[in-house]
There are 2 protein chains.
Amino acid sequence: MDIESERPGLRERKKQETRIALSWAAIRLAVERGLDNVRVEDIAAEAGVSPRTFNNYFSSKGEAIVARHFDRARQIAEELRARPASEPLWEALANAVTARFALGQDTGGESTPDRQWVDGVRLMINDPALTGAFAAAAAAAEAELAAAVADRTGTDAALDLYPRLVAGAVGVAIRVVMERWLNAEPPIPIARLLHDALGQLSAGLPVPPKGPSHP
Amino acid sequence: MDIESERPGLRERKKQETRIALSWAAIRLAVERGLDNVRVEDIAAEAGVSPRTFNNYFSSKGEAIVARHFDRARQIAEELRARPASEPLWEALANAVTARFALGQDTGGESTPDRQWVDGVRLMINDPALTGAFAAAAAAAEAELAAAVADRTGTDAALDLYPRLVAGAVGVAIRVVMERWLNAEPPIPIARLLHDALGQLSAGLPVPPKGPSHP
DNA sequence: AGCATTTCTTGCGCGATCCGCAAAGATTCT
DNA sequence: AGAATCTTTGCGGATCGCGCAAGAAATGCT
């Protein structure tokens, strides 16, 4: 699972295109038919490449499906580094996370009717066959976030627990928020949920007062 | 992955025995040879059952290997419920976690002292093929912990972010601590690491002061 | 104890996955 | 243009995960 933005020759561009085409095809088919009724063959056909080529890009169906979410999660670290150093860590984190998750919520570029996307993600989270790939992606993204946090705070990702705890906590927040957001009826703005979750984390997760926090 | 302690007939006992035998065999072989050099066939042979039976207990090698760790992680929720309600949440959590992780650290019962063992375990858990299984197990354990936290704090695991954030944060702490503990040279007492990690979490993960926290 | 029922084990076999290898095709470099 | 480099693709092999059905073991009922 590498995404290296080298200088954009025809070659690199095509690679990214097929990568995205494959991932997108995998998601679309999984949403339509259910994950178990999609073979690698179908995904490859949908993307216009051979089945063998699919495995040159992804080592499993799960990886392909999770790829886009992963690509986005990964950018959080980038976004954090782009934040002014004067910003307090947790404020910068909240801004970085919100920037990536609060707007182009679903497609990440194209606009597809939201309903389908919501169903797809819910499927993704609930299917045991995908939790693995999903978690692997999250772990990779967290590693980068941890490095960024280490740089910003002057800690060492190899020796200190701190940066990894922060990255892990942010990952947990995103995971919990996504799940809650997908099941919320009526819908709750995701920005609100994110702000709430990160606020609780940076406050040390104190036991909340009695009243229901879900108006 | 179900562990239901039903009434202990001969049948149930044997089932648990083969389950543990299979999981243990999987771990031992994976530590010795490396995960890729262990086939399901070998594990089954080691445990004295047919390869087909292996799949009646675990749907993958990874699941078998993670099973014991999972069983233990799962008991944290139990342990938490057993703590007096007067104890503050984070104190109770620290005690519950420590109770399960600070003693029979790796083996889970027997005492296998070796250095080679730790090396093997390190290699094993760093294997990408296992991250999935680990995550799945962690998710299951966290769900139970979230329920226990919800009960204790009067929150709702379905509606409030809080209990899930707490459970997730504890899961992250355990994960980070385990990784750090395995790579620590010289060794650091795991209880110290756990206390440190949970302390930072319940303090809101403030940016630590300059000095190195690793003496 | 005797017999029916439920549960677990096992062998067989199919569909699918993942990956190494080497030939063919496409892109880039000089 | 020609060489070098990378990508795609088909083929084949090693597993793997699991459904199915027969046999064995344990349990429940009388």
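The chains referred to below are lettered A, B, ... by the order of the sequence lines, with proteins before strands, and numbering in each begins at 1. Side chains included, hydrogens not; waters and symmetry mates left out as well; all remaining heavy atoms used.
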Inset, instruction - State plainly whether the residues Glu179(B) and Arg122(B) are in salt-bridge range, i.e. N to O under 4.0 Å. - result: no
Legend entry - Donor-acceptor pair between Thr153(A) and Tyr162(A) side chains, under 3.5 angstrom: no
Legend entry - Value in whole Å for how far the C1' atom of dT15(D) lies from CG of Asn55(B): 11 Å
Legend entry - Protein-nucleotide distance (Glu63(A), atom CD; dT17(C), atom C1'), rounded to Å: 13 Å
Inset, instruction - Examine dT15(D): is either OP1 or OP2 under 4.0 Å from a nitrogen or oxygen in the side chain of Arg39(B)? Give yes or no. - result: yes
Legend entry - Length of the CZ-P vector between Phe54(B) and dT15(D), whole Å: 15 Å
Legend entry - Ile43(B): which of Ile65(B), Ile27(B), Val38(B) passes side-chain contact (heavy atoms from CB on, under 4.5 Å): Val38(B)
Inset, instruction - Look at Thr53(A) and dT9(D) and indicate whether a side-chain polar atom (N or O) is within less than 4.0 Å of OP1 or OP2. - result: yes
Legend entry - Proximity to the side chain of Asn56(B) - top-ranked nucleotide from dG11(C), dT9(D), dT9(C): dT9(C)
Legend entry - SB check Arg81(B) Glu144(B) (cutoff 4.0 Å): no
Legend entry - Arg52(A), nearest nucleotide to its side chain (from dT10(C), dC19(C), dC8(C)): dC19(C)
Inset, instruction - Could you check how far CD of Glu41(A) sits from P of dG10(D), rounded to whole Å? - result: 11 Å
Inset, instruction - Report yes if at least one side-chain N or O of Lys14(B) is closer than 4.0 Å to OP1 or OP2 of dA25(D); otherwise report no. - result: no
Inset, instruction - Round to the nearest Å and state the distance from Leu35(A) atom CG to dA16(C) atom P. - result: 13 Å
Legend entry - Side-chain donor-acceptor contact under 3.5 Å, Asp71(B) with Gln75(B): no
Legend entry - Comparing Ser50(B) and Val38(A) on DNA chain C - which has the more 5′ nearest nucleotide: Ser50(B)
Legend entry - Out of dT8(D), dG17(D), dC20(D), whichever nucleotide has its closest atom nearest the side chain of Val40(B): dG17(D)
Inset, instruction - Provide, to the nearest angstrom, the distance between the CG atom belonging to Asn37(B) and the P atom belonging to dT15(D). - result: 10 Å
Inset, instruction - Report the nucleotide, chosen from dT17(C), dT10(C), dT8(D), that has the shortest atom-to-atom distance to any side-chain atom of Lys61(A). - result: dT17(C)
Legend entry - Rounded interatomic separation in angstrom, taking CG from Leu22(B) and P from dT10(C): 10 Å
Inset, instruction - Establish, with yes or no, whether the OP1 or OP2 oxygen of dT8(D) is under 4.0 angstrom from a side-chain nitrogen or oxygen of Tyr57(A). - result: yes
Inset, instruction - Using atom CZ of Arg19(B) as one end and atom P of dC8(C) as the other, report the distance to the nearest whole Å. - result: 13 Å
